[in-house]
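First comes the structure, then the notes that go with it.
Everything numeric here is computed off the predicted structure, so don't read it as measured data.
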Amino acid sequence: MQSDALLHLNLNRRGQFTRRNFLQAAALGVAGSPLLSQIQLNAAEMKKQGRACILLWLAGAPSQLETWDPKPGSPNGGETKKIQTQTPGIEIAHYWPKIASVMNDIALIRSMTGKEAAHERGTYHLHTGHRMLGIEKFPHFGSVVARELGDPNSDIPNFVSIGQTLSSGFLGVQVAPFIIDRPGQLPDNVTSDASAARQRRRLALLSQQERDFARAGAEVLVQEQSKLYQKASMMMTSPRLKAFEFDGESEDMQTAYGKNQLGQGLLVARRLVEAGVPFVEVRSNGWDMHSSIFRNMERRAADVDQGLSQLLTDLKSRGLLEKTLVLCMGEFGRTPKINARPPAPGRDHWVRNFNLLMAGAGIKGGQAIGKTDENGQEITDNPVQVEDLFQSMCKAMGINADMELHTPIGRPVRLVDGGAVIKGLFG
């Protein structure tokens with residue numbers, strides 16, 4: 001049992017430290033430890049520490065022509081129409097009426113250009129700011145934020161993902177994403193069913209095992225795992241756990257976000273940010289529309305339209321939008337030319353131009369940056385590289401984009417390798 005206690009703390013196949021392992025470890029050994037009394041909770045202090053980021057990841061790569069850069073009436077426009085937004089002069093696809101109503105808080109980047117047209121590689125590039133080259137696993141931007149802005153003594157994780165995401169790479173498990181799949185419910189294993197006496201016996205066994213491991217040459221690993229036990233234990237007794245649930249949240253508010261996985265995930269994201277978590281990712285699947293794109297857009301966009309617009313409205317009304325960066329993006333774009341795949345046409349992978357949405361944290365809303373030509377084929381103004389995006393994300397979060405990170409072998413690498421802050425993005 002002792003060996004299992006440590007072995008279960010290994011990363012999963014994606015290099016992530018899973019919620020189940022995190023809490024099982026605590027339940028096995030540390031709940032009730034005197035360590036708990038050494039750590040005082042201070043959620044209010046967490047809020048004062050600065051900014052937060054909510055990333056809404058549209059997995060599969062949404063079409064730029066069916067989101068923020070429609071081309072109705074052109075040979076590539078298809079069935080998508082455009083609608084006027086709250087901001088005069090900015091028109092978006094007709095699938096997004098609620099987003100259109102809050103456009104004054106949004107900056108659209110219509111001239112993104114990337115280098116990776118495969119899902120895994122594009123996902124890596126847009127999450128880390130680096131291309132998938134060599135053996136180094138660069139950290140998820142959320143892990144960087146957790147390390148730079150998070151409280152190392154926090155009783156809840158500094159990086160929460162609602163749905164699977166990338167790992168913390170070479171930054172290690174201390175800033176790895178804490179993954180949950182059921183928004184609105186407490187994570188599993190947050191309570192221990194063992195008696196106090198049994199907990200003490202487990203602690204004694206665990207302590208013995210740690211000493212044995214340390215003497216065998218695993219001192220660094222033991223120290224790392226001990227920190228995780230402490231964090232897991234703190235989380236199990238944290239009053240801020242309620243941020244994962246909807247206690248005190250009105251039925252009207254839950255409905256406003258949308259009674260679906262995505263909407264409830266965005267509501268949890270707001271609650272976590274409000275509780276002091278500096279980075280939250282919410283994942284929406286189903287955006288790889290090689291066929292039937294116009295029918296699928298009606299279905300997929302509705303939940304995001306409702307949930308994301310409500311998130312922006314809610315953050316603003318609570319005074320959180322000014323310090324919370326909100327991003328909505330996928331890994332690349334879709335071919336301007338519509339294909340002929342059965343049963344109905346769609347769009348394939350396209351990386352030469354795509355778009356995304358940003359808001360909050362000092363970003364100037366009510367603007368669209370960059371342009372494409374009338375058929376959506378080429379960027380005609382202000383191309384934005386992925387490195388430019390990450391420079392801008394760092395500026396919004398108050399993180400030094402030029403800082404050096406160090407790989408496990410000590411090799412220094414820049415957090416963002418090149419690029420410049422997107423011109424005109426900030427007010």
Side-chain angles (χ1 to χ4, degrees), residues 9 11-12 14-19 21-23 39 41-43 45-57 124 126-130 137-180 187 224-225 227-232 234-235 238 240-241 243-244 265 268-283 320 323-327 360-361 390 393-401 403-408 413-416:
L9 285 172
L11 304 184
N12 67 16
R14 297 180 178 86
Q16 298 156 340
F17 187 62
T18 65
R19 165 188 49 76
N21 289 344
F22 184 78
L23 292 166
I39 303 165
L41 308 177
N42 194 340
E45 185 59 30
M46 282 288 292
K47 292 180 183 178
K48 295 176 184 175
Q49 286 185 4
R51 303 199 171 195
C53 178
I54 297 175
L55 166 62
L56 173 50
W57 182 253
Y124 186 90
L126 269 294
H127 276 81
T128 68
H130 293 263
K137 285 189 175 180
F138 282 90
H140 190 305
F141 184 68
S143 295
V144 175
V145 172
R147 194 186 79 154
E148 296 301 312
L149 302 185
D151 178 0
N153 296 316
S154 173
D155 55 340
I156 57 176
N158 288 307
F159 175 9
V160 176
S161 181
I162 302 170
Q164 293 294 327
T165 188
L166 270 66
S167 78
S168 54
F170 59 70
L171 287 187
V173 297
Q174 296 291 340
V175 289
F178 183 80
I179 296 172
I180 62 172
E224 188 87 350
Q225 304 294 11
K227 292 177 184 175
L228 289 172
Y229 289 145
Q230 293 174 35
K231 286 191 172 185
M234 286 192 296
M235 182 172 173
S238 172
R240 292 196 291 162
L241 266 179
F244 288 92
V268 169
R270 186 269 285 165
R271 290 173 62 85
L272 289 170
V273 165
E274 204 167 30
V277 177
F279 194 96
V280 184
E281 177 171 349
V282 181
R283 184 184 179 103
L320 293 171
K323 68 173 186 176
T324 303
L325 172 64
V326 178
L327 290 160
F390 274 74
M393 290 159 58
C394 285
K395 177 178 173 61
M397 299 301 293
I399 293 174
N400 178 15
M403 79 164 70
E404 285 188 344
L405 304 175
H406 291 84
T407 69
V413 293
R414 290 182 63 185
L415 172 57
V416 185

Next on the checklist: Closer than 3.5 angstrom, by distance alone: can the side chain of His130 be matched with the main-chain N or O of Pro139 as a donor-acceptor pair?
Outcome noted: no

Checklist entry - Roughly how far, to the nearest 0.5 Å, is OG of Ser154 from CE of Met235? => result 9.5 Å

Next on the checklist: Evaluate Glu148 against Met397 for side-chain contact (heavy atoms from CB on, under 4.5 Å), listing each step before the verdict.
Outcome noted: CA-CA 10 Å; Glu148 296 301 312; Met397 299 301 293; over 6 Å; no

Checklist outcome for this item: OG of Ser161 to CH2 of Trp57, rounded to nearest 0.5 Å, is 11.5 Å

Checklist entry - Quick one: does Thr324's side chain have a donor or acceptor within less than 3.5 Å of a partner on Ala52's backbone? => result no

Next on the checklist: With heavy-atom distances below 4.5 Å as the criterion, would you say the side chains of Leu171 and Val144 are in contact?
Outcome noted: yes

Item to check | Close aromatic pair by centroid cut-off 6.0 Å: Phe138 and Phe170 | outcome: yes

Item to check | Straight-line distance of Leu149 CG to Ile399 CD1, nearest 0.5 Å | outcome: 4.5 Å

Next on the checklist: Just verifying a value: how many Å separate Lys137 NZ and Thr407 OG1, rounded to the nearest 0.5 Å?
Outcome noted: 14.5 Å

Checklist outcome for this item: To the nearest 0.5 Å, atom CZ of Phe244 lies from atom CG of Leu272 at 5.0 Å

Checklist entry - Does Arg51 use its side chain to pair, donor to acceptor, with the backbone of Ala396 at less than 3.5 Å? => result yes

Checklist entry - Within a strict 4.5 Å, meaning less than it, do heavy atoms of the Val145 and Phe159 side chains meet? => result no

Checklist entry - Do His127 and Leu55 come within less than 4.5 Å of each other through their side chains, counting heavy atoms only? => result yes

Checklist entry - Atom CG of Asp155 and atom CZ of Arg240: how far apart are they, to the nearest 0.5 Å? => result 4.0 Å

Next on the checklist: Quick check: do Cys394 and Phe141 have side-chain heavy atoms less than 4.5 Å from each other?
Outcome noted: yes

Checklist entry - Within the side chain of Asn158, is there an N or O that forms a donor-acceptor pair under 3.5 Å with the backbone of Asp151? => result yes

Checklist entry - Taking it one step at a time, do Asn400 and Leu415 satisfy side-chain contact (heavy atoms from CB on, under 4.5 Å)? => result CA-CA 8 Å; Asn400 178 15; Leu415 172 57; over 6 Å; no

